[in-house]
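The first residue of the sequence shown is numbered 1, and numbering continues consecutively from there. What you see below is based on every heavy atom in this structure, not just the backbone, and it leaves out hydrogens, waters and symmetry mates.
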Amino acid sequence: MTTTKEKIAKLCEENNVGIIRLQFCDINGTIKNLSLPISQLDKVLNNEIMLDGSSIKGFRSIETSDMYFFPDLDTFTILPWCERDGENVARIICDIHNADGTPFEGCPRCNLKRMLERARKLGYSMNVGPEAEFFIFKLDEKGDPTTIPHDSAGYYDAAPVDMAEDIRRDIVQTLEAMDFEIEASHHEVAKGQHEIDFKYADALTTADNIITFKYVVKSIANEYGVHATFMPKPIFGINGSGMHCNLSLFKDGKNIFFAPEADFQLSKEALYSIGGVLKHVKSFTAITNPIVNSYKRLVPGYEAPVYLAWSLANRSALIRVPAKRGIATRIELRSPDPSCNPYLALAAILGAILDGIENKIEPPTQVEENIYEMTPRELKKAKIDSLPGTLIEAVDLLEKNEVVKDSLGEHILNEFVTSKHIEWDKYRTYVTAWELDRYLSNY
């Protein structure tokens with residue numbers, strides 16, 4: 001799809017667009033935007049709108065802060081819930097460029113495009129289908145979010161137990177109005193937990209779709225007077241929220257993971273991709289699971305995939321190969337969570353896959369047993385390792401892995417690592433309610 005400047009101008013006129021929002025992400029994956037009146041559309045479309053990069057996390061210092069928005073015209077869309085008095089609001093996702101017009105090396109979206117270009121030169125494109133879970137919580141009397149679930153429903157429950165059917169319906173309808181192809185919507189395992197699945201796409205479009213999805217979910221929930229959160233583990237003792245990623249490589253329009261005559265009908269490229277991901281996953285976990293709270297989800301006992309293994313069907317393994325073959329052949333990486341920056345996460349995963357293929361990294365034998373029920377001795381005997389248990393452990397592993405570091409680039413790596421050391425130090429020195437409950441009276 002190629003959208004022209006003329007087409008956008010016509011769409012704005014036909015839909016009475018009064019405001020256009022230029023959206024982008026910082027290194028934490030937080031959506032940022034600049035709103036402009038439609039009178040500035042020509043400047044927007046000609047890359048003339050400037051940004052102060054010194055005010056954005058992980059961007060520029062104050063002495064080199066002049067940057068420009070470079071809108072991706074194909075991401076233009078009307079925001080259906082923002083209509084007021086017949087006037088609409090539109091958005092365009094942007095790359096951030098330096099003052100000289102070159103792509104900014106600290107822009108997560110530009111970095112993913114860099115990695116996709118590397119794959120393209122090898123003949124590959126990557127498709128991704130994400131499964132992002134989220135919780136819906138009630139607000140308190142001040143309008144602040146609580147951790148009280150919006151309902152008490154469970155997996156695949158229906159109304160009236162599932163009290164969010166109308167919310168999910170409105171989210172789905174809003175996404176469809178924005179040209180998403182929705183595949184399914186349902187209540188998840190935990191109270192107040194939900195999942196809405198949308199069709200896979202190329203990696204860049206998927207990353208754009210993930211940030212748009214989170215933006216829509218939060219916005220529609222807010223319209224209902226509740227709070228939607230993609231925090232991985234908001235409540236102790238119940239399942240957390242993951243973002244399983246279904247991954248496949250295409251070459252010349254064909255899914256190269258599919259090999260009809262091979263064992264499991266999986267090509268060498270598919271097996272090497274599994275090998276590459278398993279080799280590097282501990283080192284890119286800081287990217288796919290980027291906050292302190294991520295590691296409260298990655299513990300045994302709550303269906304979280306913490307063990308480095310793969311299987312054709314076993315959901316206790318880190319990587320699963322779903323049963324469908326042909327064009328739908330894919331591997332499912334189950335560890336990422338929805339707090340990640342999708343541009344950085346997909347860049348890191350792609351780097352691991354390409355390394356697996358280029359260096360012909362064979363995966364271990366698939367594991368058919370329920371890994372959750374294996375004893376530490378059995379895990380050791382089977383040589384099944386586990387993901388890092390804390391953010392700081394994950395960051396330390398990231399800093400030692402050249403493949404993952406190259407997937408991020410020097411600027412993003414340095415800014416990310418620095419911010420995570422600060423985050424960990426603040427967490428490490430903070431006195432929690434758990435400590436007060438446990439120690440204050442006894443010592």
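- Lys282 pairs in a side-chain contact (heavy atoms from CB on, under 4.5 Å) with only one of the listed residues (Val404, Leu398, Leu397), which is Leu397.
- Ion pairing of Glu195 with Arg168 is absent here, as no side-chain N (NZ or NE/NH1/NH2) approaches a carboxylate O to less than 4.0 Å.
- The pair Arg120-Glu117 counts as a salt bridge, with a side-chain nitrogen and a carboxylate oxygen less than 4.0 angstrom apart.
- Taking the side chain as every heavy atom from C-beta outward, Leu249 and Met126 approach each other to under 4.5 Å.
- Checked for salt-bridge contact, Lys420 and Glu423 meet the test: a charged N lies under 4.0 Å from a carboxylate O.
- Counted by atom type alone, Asn98 and Thr102 present one or more donor-acceptor pairs between their side chains at under 3.5 Å.
- Counting heavy atoms of neighbouring residues, nucleotides and ligands inside a 6.0 Å radius, atom CD of Glu223 exceeds 12 of them.
- Looking only at atom types and distance, the side chain of Glu415 has no donor-acceptor partner in the side chain of Thr418 under 3.5 Å away.
- The pair Lys199-Glu183 does not count as a salt bridge, with every side-chain nitrogen at least 4.0 angstrom from each carboxylate oxygen.
- Within 6.0 Å of NZ in Lys218 there are more than 12 heavy atoms belonging to other residues, nucleotides or ligands.
- Pairing each heavy atom of Asn341 with each of Cys25, the nearest pair is ND2-CB, 4.5 Å.
- Asn46 and Lys5 share a side-chain donor-acceptor pair at under 3.5 Å.
- Enclosure of atom CD in Glu83 by more than 12 non-hydrogen atoms of other residues, nucleotides or ligands within 6.0 angstrom is indicated.
- The structure places SG of Cys245 at 6.0 Å from CD1 of Ile210, a figure rounded to the nearest 0.5 Å.
- With respect to the salt-bridge test (charged N to carboxylate O, under 4.0 angstrom), the residues Asp208 and Arg109 qualify.
- A donor atom on one side chain and an acceptor atom on the other are not found under 3.5 Å apart for Tyr224 and Asp166.
- Salt bridge Glu269/Lys254: absent, no basic N to carboxylate O contact under 4.0 Å.
- Here the OH-CG distance, from Tyr343 to Asp95, works out to 8.5 Å after rounding to the nearest 0.5 Å.
- Of the charged side-chain nitrogens involved, none lies within less than 4.0 Å of a carboxylate oxygen, so that Lys113 and Asp72 do not count as a salt-bridged pair.
- Separating the CD1 atom in Ile27 from the CG atom in Asn111 is a distance of 11.5 Å, to the nearest 0.5 Å.
- For the atom pair CZ (Phe70) and SG (Cys110), the distance works out to 9.5 Å, reported to the nearest 0.5 Å.
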Legend entry - Verdict with supporting geometry, Tyr68 and His97, ring-ring contact (aromatic ring centres under 6.0 Å, His included): CA-CA 5 Å; Tyr68 284 88; His97 283 217; 9.2 Å; no
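- Side-chain contact check for Glu165 versus His194: every heavy-atom pair is 4.5 Å or farther apart.
- Interatomic distance, Glu358 CD to Ile353 CD1, rounded to the nearest 0.5 Å: 12.0 Å.
- At least one donor-acceptor pair closer than 3.5 Å links the side chain of Thr146 to the backbone N or O of Lys138.
- Side-chain contact between Val403 and Lys279 is absent, with no heavy atoms from C-beta onward closer than 4.5 Å.
- Asp337 and Ser294 share a side-chain donor-acceptor pair at under 3.5 Å.
- Partners of Phe135 under the ring pair (Phe, Tyr, Trp, His ring centres under 6.0 Å) rule, at least two apart in sequence or in another chain, are Phe137.
- In the model, His280 has a side-chain atom that pairs as donor or acceptor with a side-chain atom of Asp355 under 3.5 Å.
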